[in-house]
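By convention here, the first residue in the shown sequence is residue 1.
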Amino acid sequence: MRKVSRLFLIAFLLQSISAIAGDTLILEESTLYKEYVLEQNYIDVILDKEGKYTFPDIQNHPFHDKLQIINNNQDRSATYWIRFRIKNQSREDRGYLFETYSANTENLELYVPLNDNKYIVKHAGELLPFSKREYLNKNIAFDLPVGKFNETKTYYVKVKSNNFTGFDFRIKSNNYFVYYSANEYFLLGSFYGMLVLMAIYNILLSLTSRKKVYLYYVLYVLSGILFTLAEDRVGLQYLWPSHPELNPLIGFYSPVLLMIAYSVYSLSFLELGKYFKTLNKFVISTVVACLILYLTQLWFPAMIAIREVFFIPFLLIYIVAIYTLIKGRKSSRYFIIGSSFILVSVAIIVLRLNLILEPNFLTVYSLYYGLVAEIMVFSLALADRMRLLNKEKEDSQNEIIRQLEEKKILQEKINRELEEKNLLKEKVNRELEQKVRERTIQLTSKNQQLEEANQKLKELTEQVNEMNVKLDLHNWKLVKDVKEAIKARIFDKKVSFEDFSTIFPNENSCYQFLEDLKWGEHFECRKCKNAKYINSKNPFLRKCTKCGYAESVTAYTIFHGVRFPINKAFYLFYITCNNDTSHTIEELCNLLSISKNTCWSFKNKVKDKLEAFQKKSKKYEEKNWEKMIVDI
């Protein structure tokens with residue numbers, strides 16, 4: 001497993017600095033079912049950063065520059081040369097194997113000495129097709145000739161890999177290799193068989209119950225299968241043996257799928273979106289952030305340490321599940337138990353890598369045992385969750401039945417009361433009908449009297465309406481005569497501002513008056529002489545239908561651009577044209593509520609226009625003031 005290999009390498013590096021030369025491994029008698037671990041005291045390591053050494057160079061190298069610590073990380077761009085010695089002190093004639101548990105090593109070469117002091121090279125690695133391996137086993141293994149009794153031989157291993165690779169080398173007898181492999185494949189087959197059965201079982205449950213949580217659980221199981229197939233190289237052996245390049249690719253992306261599937265299943269199972277919405281958003285945000293950090297390795301390969309974020313969502317969801325249990329979600333208990341198996345298995349791996357626990361079948365595959373236990377407990381958790389849901393459903397149904405029975409009793413009581421009320425109602429209705437008939441006779445008589453009174457009132461109303469119509473007509477004529485009289489006074493002689501305001505009370509009346517003077521019924525465009533126009537949003541602006549020229553009612557008049565109310569400007573124009581000197585400038589300012597400069601400027605403007613007009617026309621004396629508006 002990749003992470004296991006990396007941690008093993010770090011532990012090895014920290015403890016191997018003090019060694020000067022590797023010890024010789026002694027093969028003893030009775031090694032039929034025994035393996036030898038090439039621990040740090042048995043091997044010498046040379047770090048070839050530039051990859052310049054050849055095998056003859058390594059043979060003559062003194063191996064005094066031992067492997068150095070490289071910032072707690074393996075230098076993946078370098079080549080490693082490992083040397084170890086084996087002395088055969090077993091008189092039993094049996095074969096031995098050289099095996100490495102670092103199955104993710106991309107390229108590995110084993111140099112085996114021959115009797116004439118020459119070496120043969122055996123090649124293997126993760127990127128080679130599986131069929132080219134000397135032993136068709138998920139681990140890399142070679143035949144290892146160990147020589148005669150009391151003979152010592154020196155072996156060399158060349159490792160070049162872009163993956164983190166530990167130097168976890170084993171020397172095994174053929175008998176032990178077969179025994180170990182058979183047990184290993186049996187347990188792995190049981191492991192995958194249980195996972196597949198759990199996936200199929202929950203697929204059937206998802207189809208029958210229509211619950212999405214079962215489907216999410218199936219996706220999590222399948223992601224776990226894919227993850228372990230890439231980690232233990234069983235997938236490389238059985239599923240894609242001719243395409244070894246798929247294994248590192250699947251090994252990189254399968255943790256992402258496992259993390260996403262686990263998160264989706266956990267959120268659905270714990271129902272965080274329903275009961276803990278804020279916590280649900282926080283978990284989703286954390287998973288997305290971890291996913292982005294994990295995928296940064298695609299662009300920044302040096303950030304390999306970021307792969308550890310893969311475990312953060314698992315730990316976070318475990319803590320969240322404990323929180324939901326504290327808050328009363330009983331269905332979380334089995335979920336917590338199942339997740340605890342994974343945490344325990346990870347703890348065993350850490351203890352083994354720190355040499356606190358001895359590497360063996362139980363400690364090496366502790367993650368697999370934890371995953372199986374977790375998945376089985378998760379199945380119990382789903383069953384427990386469904387049991388709690390069914391119990392809640394049953395309790396709800398019982399409560400509904402109880403409420404329905406209470407409603408039935410209440411309804412029967414209401415029906416009895418309604419029957420009593422209906423009898424009483426019938427009695428009251430009979431009495432009311434009798435009284436209604438009597439009252440109807442009285443009302444009929446009264447209605448006849450009212451009709452006669454209404455007829456007389458109608459005749460009087462018609463007479464009053466006729467009188468009102470005549471009176472309204474008389475009043476209208478009277479008001480009209482008064483306005484015409486005031487208007488005649490305005491046009492013939494000087495009047496006060498109050499009288500003037502009765503004819504021009506506001507700006508619209510002035511604009512209407514200007515429109516009648518300027519255009520009347522005959523409009524003519526000043527640009528193209530067109531006689532047709534359209535009105536715009538401004539009622540006192542006409543737009544030519546031909547050239548589009550728009551002209552306002554004040555354009556080309558003395559009132560164009562006036563910045564105070566036009567009805568006041570009208571009055572100033574009126575008294576100026578009639579030479580009214582009864583008001584001083586100060587009195588006009590107070591009367592019209594405008595500034596002295598405004599009043600004075602406008603009067604002078606009118607006077608200038610009148611003087612200019614007098615010089616051009618001799619008929620000024622015959623003009624009325626209102627006609628002067630358009631002329632000047």
Side-chain angles (χ1 to χ4, degrees), residues 1-3 191-192 194-196 198-203 205-206 211-232 250-274 276 279-295 306-325 329 331-347 349 366-385:
M1 297 181 292
R2 190 175 293 117
K3 295 184 180 296
F191 166 75
Y192 288 112
M194 284 187 287
L195 294 188
V196 170
M198 295 305 299
I200 294 174
Y201 173 70
N202 283 277
I203 287 174
L205 287 179
S206 67
K211 299 290 185 181
K212 292 183 179 180
V213 66
Y214 287 105
L215 184 59
Y216 298 151
Y217 177 72
V218 171
L219 294 177
Y220 171 56
V221 173
L222 295 179
S223 301
I225 293 174
L226 185 64
F227 174 76
T228 53
L229 283 173
E231 286 293 317
D232 57 25
I250 295 173
F252 179 81
Y253 286 104
S254 59
V256 175
L257 298 176
L258 183 64
M259 178 179 65
I260 295 174
Y262 177 79
S263 302
V264 172
Y265 163 71
S266 302
L267 294 178
S268 178
F269 181 89
L270 297 174
E271 297 181 300
L272 294 186
K274 183 178 180 180
F276 307 94
L279 197 58
N280 183 65
K281 292 180 181 179
F282 174 72
V283 172
I284 292 175
S285 302
T286 303
V287 173
V288 173
C290 291
L291 176 62
I292 294 173
L293 284 175
Y294 185 88
L295 293 178
I306 263 178
R307 296 194 68 182
E308 304 301 332
V309 302
F310 160 68
F311 293 103
I312 293 178
F314 291 86
L315 181 59
L316 175 62
I317 292 174
Y318 181 76
I319 297 172
V320 168
I322 295 176
Y323 175 79
T324 59
L325 180 63
R329 299 293 300 165
S331 57
S332 302
R333 52 190 176 180
Y334 283 106
F335 183 90
I336 295 171
I337 296 173
S339 300
S340 299
F341 283 106
I342 290 294
L343 296 180
V344 170
S345 63
V346 172
I349 292 174
S366 62
L367 181 62
Y368 288 67
Y369 306 143
L371 187 59
V372 169
E374 180 197 45
I375 288 176
M376 294 181 68
V377 174
F378 276 4
S379 298
L380 295 176
L382 284 173
D384 182 65
R385 181 174 180 270

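Within the structure, every pair that satisfies the side-chain hydrogen bond (donor to acceptor under 3.5 Å, both in side chains) test and touches residues 216-227, not counting sequence neighbours, is listed here: Y217-S379, Y220-E374.
Note that SG of C290 and CE of M259 are 6.0 Å apart. Values are rounded to the nearest 0.5 Å. Separation of atoms CD1 (I322) and OG (S340) is listed at 7.0 Å; rounding is to 0.5 Å. Rounding to the nearest 0.5 Å gives a distance of 5.0 Å between OG1 of T286 and CG of L316. Atom OG in S339 sits 10.0 Å away from atom CD1 in I337 (nearest 0.5 Å). Between atom CG of residue L371 and atom CE of residue M194 there is a gap of 10.0 Å, rounded to the nearest 0.5 Å. In this structure, CZ in F314 is found 8.0 Å from OG in S266, a value given to the nearest 0.5 Å.
Contact detail for S332 and L270: the closest heavy-atom pair is OG-CD2, 3.4 Å. Contact detail for T324 and F276: the closest heavy-atom pair is CG2-CE1, 3.6 Å. Of all heavy-atom pairs between V221 and A199, the closest is CG1-CB, 4.0 Å. In terms of heavy atoms, Y318 sits closest to I336 at CE1-O, 3.4 Å. The shortest non-hydrogen separation linking Y192 to D232 is OH-OD2, 2.7 Å. The minimum heavy-atom distance between F227 and P255, with the atom names listed, is CE1-CG, 3.7 Å.
Side-chain contact between L226 and L222: absent, with no pair of heavy atoms (C-beta onward) separated by less than 4.5 Å. Side-chain contact between I317 and F269 is absent, with no heavy atoms from C-beta onward closer than 4.5 Å. Residues Y201 and V218 are not in side-chain contact: their nearest non-hydrogen atoms beyond the backbone lie 4.5 Å or more apart. For the pair V320 and L279, the minimum side-chain heavy-atom distance is below 4.5 Å.
Under a 3.5 Å cut-off, the side chain of Y294 and the backbone N or O of F252 do form a donor-acceptor pair.
For L267, the side-chain contact (heavy atoms from CB on, under 4.5 Å) criterion is met by L272, N280, V283, I284, not counting sequence neighbours.
Taking the six-membered ring where tryptophan is involved, the planes of F335 and Y265 are tilted, since the angle between them lies from 30° to 60°.
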